[in-house]
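These notes are about the structure you will find just below.
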Protein chains: 2
Amino acid sequence: MALKQGYSMQDCSLARTLELVGERWTMLVIRDAFYGVRRYSDFLAHLDIPRAVLSTRLRTLTDSGVLARQRYEVSPPRDEYVLTDKGRALWPALFALLMWGQVHASGATAVRRYYAHAACGERLAPDGGCPSCEVAAVPPADIEIHPAPGSGARQDPVSRALMRPHRLLERLETDA
Amino acid sequence: MALKQGYSMQDCSLARTLELVGERWTMLVIRDAFYGVRRYSDFLAHLDIPRAVLSTRLRTLTDSGVLARQRYEVSPPRDEYVLTDKGRALWPALFALLMWGQVHASGATAVRRYYAHAACGERLAPDGGCPSCEVAAVPPADIEIHPAPGSGARQDPVSRALMRPHRLLERLETDA
DNA sequence: GTCTTCAGTTCATTCAACGAACCTAGGAGT
DNA sequence: ACTCCTAGGTTCGTTGAATGAACTGAAGAC
């Protein structure tokens with residue numbers, strides 16, 4: 001976000017937070033990371049983000065410890081970007097924004113994916129808990145994302161992979 | 001945020017949400033509104049935001065129904081900006097970002113205000129609930145914000161008013 | 001009639017976002 | 001050996017938003 005020299009209120013932790021995750025595109029990158037997107041070209045195709053911006057965001061997020069870059073193939077050498085603990089801790093904030101958007105900012109044609117507790121299959125409550133189990137805050141690793149019924153608009157590999165229910169944080173296989 | 005024509009993923013409700021509340025400064029304006037800031041000049045002094053940007057943000061937020069503009073004084077005519085129901089529904093997302101920031105993005109000198117359930121005085125849990133009462137999600141109107149101990153750095157009227165504990169959403173009196 | 005406050009608007013400058021083109025490393029096919 | 005292909009970037013000219021200082025206008029107050 002750092003235009004000029006960033007928010008001048010350097011004593012405020014919200015300003016610091018937004019300096020990092022409040023930049024344009026950053027939250028969408030993080031959401032895709034929760035969905036299991038890990039590769040540069042998958043972020044690129046799914047978000048339709050300028051390459052230069054994606055490079056900048058991935059570097060900022062890895063530098064600040066939200067994402068980590070890991071070698072997952074030796075020949076040819078390929079790295080992937082995965083959420084760290086610090087990054088996974090953003091789930092409550094991301095989910096809250098998601099829920100607010102579904103209620104207050106979705107247009108007529110908006111996709112409404114939904115999120116279910118993998119242990120019982122129940123849809124998550126708006127506060128991120130499971131209404132049938134006694135789990136107040138379901139961790140992202142225990143959440144399954146389900147596609148919106150009847151959505152087939154986008155045709156990039158990530159959107160196609162998300163047509164099937166998928167566990168959050170698990171690598172999304174885009175070449176099947 | 002709308003650079004060029006905004007995020008191209010118009011079918012996604014998170015993208016729509018960020019198009020509205022994800023712009024630079026917007027979340028800080030909304031946080032101040034929860035703190036009880038209502039007047040143009042108070043936002044201006046507390047956030048140290050360029051006037052033109054503040055004007056644009058306030059217009060966008062009122063146009064989209066997050067804030068409402070209300071006449072609170074007839075002579076001289078003065079309007080104030082207050083959160084609507086739609087705006088107050090952003091509290092879980094804002095609180096989650098706040099908590100993430102306090103844990104993962106606060107520097108050595110960062111102010112750590114804290115939030116307490118007004119009914120019992122207990123500090124809120126990181127998930128926004130009250131640990132002693134059985135309240136899972138304390139609504140903002142029942143929350144008291146407490147100043148960080150030993151913080152006296154900023155000297156604008158809003159910062160001074162926040163040196164005393166204060167109920168969220170209640171108008172902050174800045175001329176006492 | 002002048003001063004002050006509040007709430008803006010205007011404007012030149014700076015800097016990030018955009019998008020297309022280019023670049024590099026490492027296979028794969030022939 | 002030469003060419004093609006893919007993944008993951010970088011470079012660069014153009015567009016447009018953020019910045020900060022100056023200006024405007026309305027309504028009391030002195």
Side-chain angles (χ1 to χ4, degrees), chain A residues 1-9 15 18-20 22-29 32 37-63 67 69-82 156-158 171-175, chain B residues 1-9 15 18-20 22-29 32 37-63 67 69-81 156-158 174-175:
Chain A
M1 176 138 330
L3 208 59
K4 210 63 183 178
Q5 79 271 21
Y7 303 110
S8 55
M9 316 167 56
L18 294 175
E19 197 76 49
L20 173 56
E23 283 182 300
R24 186 162 165 76
W25 292 111
T26 300
M27 266 310 197
L28 292 169
V29 169
D32 271 19
V37 175
R38 299 186 177 187
R39 287 165 45 189
Y40 187 91
S41 54
D42 286 336
F43 286 112
L44 200 64
H46 188 227
L47 295 176
D48 199 25
I49 179 179
R51 306 176 81 93
V53 178
L54 178 59
S55 298
T56 306
R57 293 297 178 272
L58 290 174
R59 191 184 348 273
T60 304
L61 288 172
T62 48
D63 286 354
L67 295 178
R69 195 172 172 163
Q70 289 177 353
R71 178 72 35 110
Y72 73 99
E73 195 184 83
V74 180
S75 174
R78 295 279 182 254
D79 292 344
E80 61 185 8
Y81 296 92
V82 294
D156 58 283
V158 173
R171 174 199 264 111
L172 202 57
E173 299 298 340
T174 50
D175 24 41
Chain B
M1 178 137 331
L3 209 59
K4 209 65 181 176
Q5 80 270 21
Y7 303 111
S8 54
M9 314 168 57
L18 293 175
E19 197 75 49
L20 173 57
E23 284 182 300
R24 185 162 166 77
W25 293 109
T26 301
M27 266 309 196
L28 291 169
V29 170
D32 271 19
V37 176
R38 300 186 178 187
R39 287 164 45 191
Y40 188 90
S41 55
D42 286 337
F43 285 112
L44 201 64
H46 188 226
L47 294 175
D48 199 25
I49 178 179
R51 306 175 82 91
V53 178
L54 178 59
S55 298
T56 306
R57 293 297 178 273
L58 290 174
R59 192 184 347 276
T60 304
L61 288 172
T62 48
D63 286 354
L67 294 178
R69 194 172 173 164
Q70 290 176 355
R71 177 72 34 111
Y72 73 98
E73 193 183 85
V74 181
S75 174
R78 295 279 182 253
D79 292 345
E80 59 184 9
Y81 297 91
D156 58 285
V158 173
T174 49
D175 23 42

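- Side chain of A:Thr26 to main chain of A:Gly22: no donor-acceptor pair is present (N/O by atom type, distance under 3.5 Å, no hydrogens or angles).
- Nearest nucleotide to the B:Ser41 side chain, out of C:dA7, D:dG28, D:dT19: C:dA7.
- Nearer to the 5' terminus of DNA chain C, by closest-nucleotide assignment, is the contact made by A:Val53 (compared with the other of A:Pro77 and A:Val53).
- Note: CD1 (A:Ile49) to P (C:dA20) measures 15 Å, nearest angstrom.
- Within the 3.5 Å criterion, the main-chain N or O of A:Arg51 finds a donor-acceptor partner in the side chain of A:Tyr40.
- B:Leu67 places its CG atom 15 Å from the P atom of C:dA7, with the value rounded to the nearest Å.
- Side-chain nitrogen and oxygen atoms of B:Arg24 include none within less than 4.0 Å of the OP1 or OP2 phosphate oxygen of C:dA16.
- Checked against C:dG26, D:dT10, D:dA27, the side chain of A:Arg59 finds its nearest nucleotide in D:dT10.
- Look at CG on A:Leu54: it is 10 Å from P on D:dT10, rounded to the nearest Å.
- Under the 6.0 Å distance and 45° angle rule, A:Arg171 counts as a cation-pi partner of A:Tyr72.
- Backbone-only engagement by A:Ser75 is indicated by non-hydrogen atom pairs under 4.0 Å involving sugar-phosphate atoms exclusively.
- No donor-acceptor pair closer than 3.5 Å links the side chain of B:Arg69 to the backbone N or O of B:Arg59.
- For the pair A:Tyr40 OH and D:dT10 P, the interatomic distance rounds to 7 Å; values are reported in whole Å.
- For the pair A:Ala52 and A:Asp79, both in contact range of DNA chain D, the more 5′-proximal nearest nucleotide belongs to A:Asp79.
- Rounded to whole Å, the distance from CZ on B:Arg57 to C1' on C:dG8 is 16 Å.
- Proximity note for A:Arg78 (side chain, C-beta onward) versus D:dT6, D:dG28, C:dT10: the nearest is D:dT6.
- Atom CG of A:Leu44 and atom P of C:dG19 are 11 Å apart (whole Å).
- In this structure, B:Arg38 atom CZ and C:dA7 atom C1' are separated by 18 Å, rounded to whole Å.
- The distance between atom CD of B:Glu80 and atom P of C:dA7, rounded to the nearest whole Å, is 10 Å.
- For A:Ser41, the side chain to side chain contact (heavy atoms under 4.5 Å, CB included) criterion is met by A:Arg39, not counting sequence neighbours.
- Nucleic acid contact class of A:Tyr81 (heavy atoms, under 4.0 Å, all strands): sugar-phosphate only.
- Toward the 5' end of DNA chain C, the nearer of the two residues A:Arg51 and B:Arg51, judged by each one's closest nucleotide, is B:Arg51.
- In this structure, B:Ser55 reaches the bases: a heavy-atom distance under 4.0 Å links it to at least one base atom across the strands shown.
- For the pair A:Trp25 and C:dC18, the criterion of a side-chain N or O lying under 4.0 Å from OP1 or OP2 is met.
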